[in-house]
2 protein chains.
Amino acid sequence: MDNINRKIIAALQQNARISYAELGKLVHLSAPAVAERIRKLESAGVISGYSLKVDLDQLGYPIVALVQCKVFRTKEREFKAHMLACKSVIECHNVTGEQAFLVKLAVQSMKQLDNILESFLDFSDTNTMMILSTPVDRAVPQTFYD
Amino acid sequence: MDNINRKIIAALQQNARISYAELGKLVHLSAPAVAERIRKLESAGVISGYSLKVDLDQLGYPIVALVQCKVFRTKEREFKAHMLACKSVIECHNVTGEQAFLVKLAVQSMKQLDNILESFLDFSDTNTMMILSTPVDRAVPQTFYD
DNA sequence: GGTGAAACGGATTCACT
DNA sequence: AGTGAATCCGTTTCACC
């Protein structure tokens, strides 16, 4: 992981569809050299994929909520399965604290949110926060670019 | 936003570097038609960019923490500025609740985390949770693919 | 809003270093 | 590990529907 790879990753993070030729200009390397470095980063799992930044609001999901779930001692396995099955769940993190998970939900309406939270009650106590705005959203810490 | 656009977005979300030719095969449209649809989605802001999925662990950031911050009434503006300036902050959400923010940090060591949390104390009370694992991480709700 | 053909430019392969 | 040249393939443009 030298500085060239870091620059490549930083550039791809800003625009994952940039061409190898452009990347080559940025790091003063030929297009095949850049392609080879990226291939290696991919097979090492450092780069795990290429994704889209979308506007959930415009896609019809105006409501994003964060739900703290205190999962019942005996229900952790079932809870995880429910998270994977629940289509509105966009993130689920197992965090320190008593049987705690933090779940990010994107929904079309409050009614839908209500139904989903009700379904969570079979496995956990919940505490819901609505996301009002997101002042910072980066894939990678900025220290990385140094 | 018809079903074809939804399929295009779903495919790009899985692999943002897929070619227009490949996308065309998926949705039974020609490459120029796909390119035109994507151009419109971009200029409408539905697609806001193309990003990378990276392994923070392999990049030297083995620790990811979620910090609940109860920001002091008079310090909200300063707090937001600090979030933007703090290079380890990868997400910061303003959430409902009393002056509450939820901040995701990626750091190289506990010492670094300690320093950062200390810097937060000028603006807020903090409550830190360490992320142990992330069973679900999607960019878009799955309901979208129907 | 879509198609197909042509022109263009980037990706990939390869021989060489 | 990287380069430069050739080939290959995808993108882009455009006339047409």
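Just so we're on the same page: letters track the sequence lines, and every chain starts at 1.
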To the nearest Å, give me how far apart CG (B:L41) and C1' (C:dG1) are.
14 Å
Nearest to the side chain of A:S19 - C:dA11, C:dT12, D:dT11?
C:dA11
Shortest non-hydrogen pair, B:C69 vs B:S124, comes out as CB-OG, 3.7 Å
Under the criterion side chain to side chain donor-acceptor pair (under 3.5 Å), I'd like the reasoning laid out for A:Y61 against A:Q112: C-alpha separation, chi angles, the key distance, then a yes or no.
CA-CA 11 Å; A:Y61 298 85; A:Q112 198 188 346; over 6 Å; no
How many whole angstroms separate atom CG of B:L26 from atom C1' of D:dG10?
15 Å
Checking D:dA1, D:dT11, C:dA11 against the side chain of B:Y20 (C-beta onward), the nearest is D:dT11
Gap between atom CD1 of A:I47 and atom CG of A:L12 - 0.5 Å precision:
5.5 Å
Output the rounded distance in Å from CD1 (A:I18) to C1' (C:dG9).
15 Å
How close or far is atom P of D:dG10 from atom CD1 of B:I38, stated in whole angstroms?
15 Å
Residue B:L29, side-chain heavy atoms: nucleotide from C:dG10, D:dT3, C:dG2 that is nearest
C:dG2
Look at the side chain of B:A31 and decide which nucleotide, out of C:dA11, D:dT3, D:dT12, has an atom nearest to it.
D:dT12
Given A:F101, which partner from the list A:E76, A:M83, A:H93 fulfils the side chain to side chain contact (heavy atoms under 4.5 Å, CB included) test?
A:E76
Nearest to the side chain of A:A33, heavy atoms from C-beta on, is which of C:dG2, D:dG2, D:dG10?
D:dG2
Nearest to the side chain of A:S30, heavy atoms from C-beta on, is which of D:dT3, D:dG10, C:dG2?
D:dT3
How long is the line joining CD of B:E22 and P of C:dA11, in whole Å?
16 Å
Regarding the side chain of B:A21, the nearest nucleotide among D:dT12, D:dT11, C:dA11 is D:dT11
Residues B:E91 and A:K104 bridged, charged N to O under 4.0 Å
yes
Spacing of B:N15 atom CG relative to D:dG10 atom C1', expressed in whole Å
15 Å
Listed nucleotide nearest any side-chain atom of B:P32, set C:dA11, C:dT13, C:dG4
C:dG4
Can a side chain N or O of A:R37 be found less than 4.0 Å away from OP1 or OP2 on D:dG2?
yes
For A:E36 and C:dC16, give me the distance from atom CD to atom P, rounded to whole Å.
19 Å
Whole-Å distance separating the CD1 atom of B:I4 from the P atom of C:dG2:
6 Å
Toward the 5' end of DNA chain D, by each residue's nearest nucleotide, A:R17 or A:V34
A:V34
